[in-house]
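Some notes on the structure that comes next.
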Amino acid sequence: MPEGHTLHRLAGALHHAFVGRQALVTSPQGRFVEGAALLNGRVVEGADAFGKHLFVHFAGEQVLNVHLGLIGSFDVLPHIGALPAPVGAVRVRMVNEQMYADLRGATLVQVISPEQVEATIARLGPDPLRVGTPGNDPERSLARLARTSRTVAECLMDQSIIAGVGNVYRAEVLFRHRIDPFVPGNKVKKKSWLAMWDDLVALLPYGVAFGQILTLDSQLEVAREALDGRDPAAYDPSWGGIMPGESGGFVRGDAARGVRFERDYYVYKRDGQPCLVCGSRIRTQLLAGRNLFWCGRCQRRH
DNA sequence: ACAGTATGGAGAT
DNA sequence: TCTCCCTACTGTG
């Protein structure tokens, strides 16, 4: 699941569930005992994300930094009555009076300083979900792009060029702009790259709001209707499901109002099936260790 | 019971 | 370009 939208949504959920209160932090699985001890009992000051990195800020300049990798998950849930026993390999569990959060399978879990947070962000390219953040300028990614002969498909997955894009958004945004995935970065037209950036800036907030990668225009249209005119980018990603209410108890915070979509894309995992635009077979190929999907007929632009 | 797969990334070769 | 790590779930025997 985890591309940038997942982490930003998760940051919002954790923020909403834990901010301003003490959290008990443990490692039921036992592989993060020392880190958990550093955080246990501290007040949570907030949570945010940059690219695929998640940061949970605790009092005393202690920051929990998580990267979910390919298979990680971080469930944020209410506990009514007894706290459920951990299921599976729960590396980190955060608990307050109402909510708990279980982290499993993350590729990176560490406690770092605010300075180290800045250093981590400095290593990342601009994040389409961070427009407005100082220094988060697509021109920076353009400069990197112009200096490499690696394919544009590889560049889109390079977190130091652009942060937050994963294998699904990469394949889909290339298709949406009819870009040949194998064009070298330094041969991609500025206009094409910036058009993809603008598209990601528009698309990713729908991923955050609905908790799903939405790239089909038909689905996005339904998503816009579900938001009833509200801008998904302006929507507080605090989201989701059941959350603590202002005056005790719980409220439903889901801006998407429970709307769910079929997992359906233009090209991702559609190899062998007809292109939704031209009907030719969608192709797939391993590129730098990841499966790339594209339409050989539609995607010829630079 | 095991093999294979997955929306990720680091480090060695 | 390979190898490994992280976990849950699916398919095969």
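Throughout, a chain's letter reflects where its sequence line sits, starting with A, and its residues are numbered from 1.
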Are [X] and [N] close enough that a side-chain N or O sits under 4.0 Å from OP1 or OP2?
{"X": "N291(A)", "N": "dA6(B)", "value": "yes"}
{"X": "Y268(A)", "N": "dT7(B)", "value": "yes"}
{"X": "R91(A)", "N": "dC6(C)", "value": "no"}

Task: salt bridge (charged side-chain N to carboxylate O under 4.0 Å, His left out) pairs, two or more places apart, involving residues 176-195 of chain A - done: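 Passing the test, one end in residues 176-195 of chain A: R176(A)-D199(A), R176(A)-D217(A).
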TODO: Give every residue pair that meets the salt bridge (charged side-chain N to carboxylate O under 4.0 Å, His left out) criterion with at least one member in residues 283-302 of chain A, sequence neighbours excluded.
DONE: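 Those involving residues 283-302 of chain A do not exist here.
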Open item on the list: Other residues, nucleotides and ligands only: do more than 12 of their heavy atoms fall within 6.0 Å of CD on Q110(A)?
Closed with: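 It does: Q110(A) CD has more than 12 such atoms within range.
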Can you tell me how far [atom2] of [N] sits from [atom1] of [X], to the nearest Å?
{"X": "N167(A)", "N": "dT5(B)", "atom1": "CG", "atom2": "P", "value": "15 Å"}
{"X": "L286(A)", "N": "dC2(C)", "atom1": "CG", "atom2": "P", "value": "9 Å"}
{"X": "Y265(A)", "N": "dA6(B)", "atom1": "OH", "atom2": "C1'", "value": "12 Å"}
{"X": "F293(A)", "N": "dA6(B)", "atom1": "CZ", "atom2": "P", "value": "7 Å"}
{"X": "F74(A)", "N": "dT7(C)", "atom1": "CZ", "atom2": "P", "value": "14 Å"}
{"X": "K269(A)", "N": "dG4(B)", "atom1": "NZ", "atom2": "C1'", "value": "12 Å"}
{"X": "L287(A)", "N": "dT1(C)", "atom1": "CG", "atom2": "C1'", "value": "12 Å"}
{"X": "I71(A)", "N": "dC5(C)", "atom1": "CD1", "atom2": "C1'", "value": "8 Å"}

TODO: With sequence neighbours left out, write down each residue that passes side chain to side chain contact (heavy atoms under 4.5 Å, CB included) with Q29(A), or none if nothing qualifies.
DONE: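 Counting only residues at least two positions away or on another chain, Q29(A) forms a side chain to side chain contact (heavy atoms under 4.5 Å, CB included) with R31(A), A89(A), R91(A).
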What integer number of Å spans the [atom1] atoms of [N] and [M]?
{"N": "dT1(C)", "M": "dT7(B)", "atom1": "C1'", "value": "22 Å"}
{"N": "dC9(C)", "M": "dG9(B)", "atom1": "P", "value": "22 Å"}
{"N": "dC6(C)", "M": "dA1(B)", "atom1": "P", "value": "23 Å"}
{"N": "dC5(C)", "M": "dT13(B)", "atom1": "P", "value": "15 Å"}
{"N": "dA8(C)", "M": "dA10(B)", "atom1": "C1'", "value": "23 Å"}

Task: Short side-chain to backbone donor-acceptor contact, Q22(A) and R42(A), under 3.5 Å - done: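 Looks like no, no N/O pair under 3.5 Å.
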TODO: Please confirm whether the backbone N or O of C155(A) pairs with a side-chain atom of R144(A), one donor and one acceptor, at under 3.5 Å?
DONE: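 No, the answer is negative, given that no donor and acceptor are paired below the 3.5 Å cut-off.
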ring-ring contact (aromatic ring centres under 6.0 Å, His included) involving [X] - partner list, sequence neighbours excluded:
{"X": "H57(A)", "result": "none"}
{"X": "F32(A)", "result": "none"}
{"X": "W294(A)", "result": "F182(A)"}

TODO: Sequence neighbours left out, what passes salt bridge (charged side-chain N to carboxylate O under 4.0 Å, His left out) with E97(A)? Give chain and number order.
DONE: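 Once residues adjacent in sequence are excluded, the partners of E97(A) under the salt bridge (charged side-chain N to carboxylate O under 4.0 Å, His left out) criterion are R21(A).
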Open item on the list: With the threshold set at under 4.0 Å for non-hydrogen atoms, list the residues of residues 26-40 of chain A touching DNA chain C in residue-number order.
Closed with: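 Those residues whose heavy atoms fall under 4.0 Å from DNA chain C, taken from residues 26-40 of chain A in numerical order, are Q29(A), R31(A).
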Under 3.5 Å, N/O pairs linking protein and nucleotides 9-11 of chain B:
unit_1 : atom_1 : unit_2 : atom_2 : d
dG9(B) : OP1    : H67(A) : NE2    : 3.2
dG9(B) : OP2    : K52(A) : NZ     : 3.4

